[in-house]
Amino acid sequence: PRLDEMYNSFDFETVAKSVLKPDAWAYYSSGADDEISMRENHNAFHRIWLRPRVMVNVKNVDASTTMLGSRTSLPLYITATALGKLGHPEGEVVLTKAAKNRDIIQMIPTLASCSFDEIVDAAAPGQTQWLQLYVNGNREVSEKFVRHAESRGMKGLFITADAPQLGRREKDMRQKYSQEDPDEIARNATQVNRDEGAARAISSFIDPSLCWDDVAWFKSITKMPILIKGIQTPEDAVLAAKHGCQGVVLSNHGGRQLDFAPSSIEILAETMEALKREGLDKDFEVYIDGGIRRGSDIFKAIALGAKGVGIGRPFLYAMSAYGVEGVEKLLELFQHEFEMVMRLMGVTRIEDIKPEMVDIRNIKDH
Ligand code: FNR
């Protein structure tokens, strides 16, 4: 199909499935075990209903906002997903170019197919990028990487905490990882086991001893704001704030780690309440990712307190199917959907999106 026949994020998934090689499709689309959390991530949004207000002047709607102090055209960012070259020969740089053209923030993964510097070099002056960090068992490797990232202008450090051991993504494991090691991955990995799918082949260096005490050390080596990615309970969001983090990403890693971890949208309201109760909600930014596929999903997350949302697979699919133009088109679709929802909800600015605009009485009704 032509790009102008794409009407929503799901359309890109359908096309990607038909054009991706089986190992790439398996790696991108898989979730852990029975994929219950993966499906729940999007399904949970179906239990939240909207409370639209009418007779408001919504002639001019402005969906732009700031995230960690940087401007963005929408309260969404392209989250970190490894191995971009499985889907497109140019890899993550495709996402960088599309993000630039639509004023969107990109989170660069530790396990990118392109080198970190290639991805930064592809950005325009002033374009905001963040770094996702998998912490290496050899802390010197991580320290060097973090210092370098800061010197290259990264505006946030997102430490992934939900992967001390890799989840079992059986679709992926059934495939043998055959790609040549891209440079960056070879630099980070201590060993490459090609027998157990792409994820296991590249992730053996991740340190399972990472713990809260390490946050102080990261704070001592960088001035970047530090956020923990992969928070799955309000208690841990509170701990992140108490350890001096600037924020968290509520995430179950797209359902690829612990199956039966809750969806981030389900725990968002209670997380905001817990932070408020402890007086930790000031200058602390809460993001969520997982299963965000519609403008209304973004609206619900903002209403319940998120500063922004991360979106993963849909951008991989758009990139794989149509390259830079595909990712730009998907961003345009998200913009149109989100602005339409704002207008039909009777709000014109992000700051005016409030908890009373959503009905979460059935959020626990699985
Ligand atoms: C991921 N994710 C991820 N997270 C991370 O911190 N480091 C990583 O290297 C990766 N790699 C990765 C690869 C692929 C193929 C996927 C699908 C996901 C998780 C990612 O950042 C995010 O949490 C989810 O993708 C969000 O869910 P959706 O939008 O994909 O449903």
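Counting starts at 1 for both ligands and their atoms, following the listed order. Values below: all heavy atoms of this structure, side chains included; hydrogens, waters and symmetry mates excluded.
Under the 3.5 Å distance criterion, with hydrogens and angles disregarded, no donor-acceptor pair is assigned to the side chains of Gln132 and Tyr134. No side-chain donor-acceptor contact under 3.5 Å links Asn41 and Ser263. Asp117 and His148 form a side-chain donor-acceptor contact under 3.5 Å, judged by distance and modelled atom types alone. Residues Arg168 and Gln257 bring no donor and acceptor atom of their side chains to less than 3.5 Å of each other. Side chain to side chain, Arg102 and Gln335 meet the donor-acceptor criterion of an N or O pair below 3.5 Å. A donor-acceptor contact closer than 3.5 angstrom is absent between the side chains of Ser29 and Lys17. Side chains of Asn252 and Gln232: no donor on one and acceptor on the other come within 3.5 Å.
Those atoms of ligand 1 with a heavy atom of Ser251 less than 4.0 angstrom away are 23 (O). Counting the atoms of ligand 1 from 1 in the order shown, those under 4.0 Å from a heavy atom of Tyr28 are 15 (C), 17 (C). Those atoms of ligand 1 that come under 4.0 Å of a heavy atom in Tyr27, given as number and element, are 13 (C), 15 (C). Interface atoms of ligand 1 facing Gly290, defined by a heavy-atom separation under 4.0 Å, are 26 (C), 27 (O), 31 (O). The atoms of ligand 1 that sit less than 4.0 Å from any heavy atom of Thr79 are 20 (C), 21 (O), 22 (C). Close contacts between ligand 1 and Tyr134 involve ligand atoms 5 (C), 7 (N), 8 (C), 9 (O), 10 (C) [criterion: under 4.0 Å to a heavy atom].
The distance criterion of under 3.5 Å between nitrogen or oxygen atoms is not met by Pro109 with respect to ligand 1. An N or O contact shorter than 3.5 Å links Ala80 to ligand 1 by distance. Close N/O approach between Thr160 and ligand 1 is found [any backbone or side-chain N/O within under 3.5 Å]. Between Gly310 and ligand 1, no N or O atom pair is found at a separation short of 3.5 Å.
Summary of contacts: the protein heavy atom closest to atom 22 (C) of ligand 1 is Asp289 OD2, 3.3 Å. Looking only at protein heavy atoms, the nearest one to atom 13 (C) of ligand 1 is Ala82 N, 3.4 Å. Looking at atom 5 (C) of ligand 1, its nearest protein heavy atom turns out to be Lys229 NZ, 3.4 Å. With hydrogens left out, the protein atom closest to atom 29 (O) of ligand 1 is Gly312 N, 2.9 Å, a heavy atom.
Of the heavy atoms in Leu83, none comes closer than 4.0 Å to ligand 1.
Ring pair His42/Phe45 is tilted by interplanar angle, where 30° to 60° counts as tilted.
The side chain to side chain contact (heavy atoms under 4.5 Å, CB included) test with Phe315 is passed by exactly one of Phe12, Tyr77, Phe334: Phe334.
A continuous path of Ile, Leu, Val, Met, Phe, Trp and Tyr side chains, each step under 4.5 Å between heavy atoms, connects Ile231 with Leu268, placing both in one hydrophobic cluster.
Proximity annotation for atom 14 (C) of ligand 1: of Arg313, Gln257, Arg256, Arg256 comes nearest, heavy atoms only. Among Gln132, Arg293, His253, Arg169, the residue whose heavy atom lies nearest to atom 28 (P) of ligand 1 is Arg293.
The shortest heavy-atom distance from Leu316 to ligand 1 is under 4.0 Å.
Salt-bridge check for Asp352 with Arg349: passed, with a basic side-chain N closer than 4.0 Å to an acidic carboxylate O.
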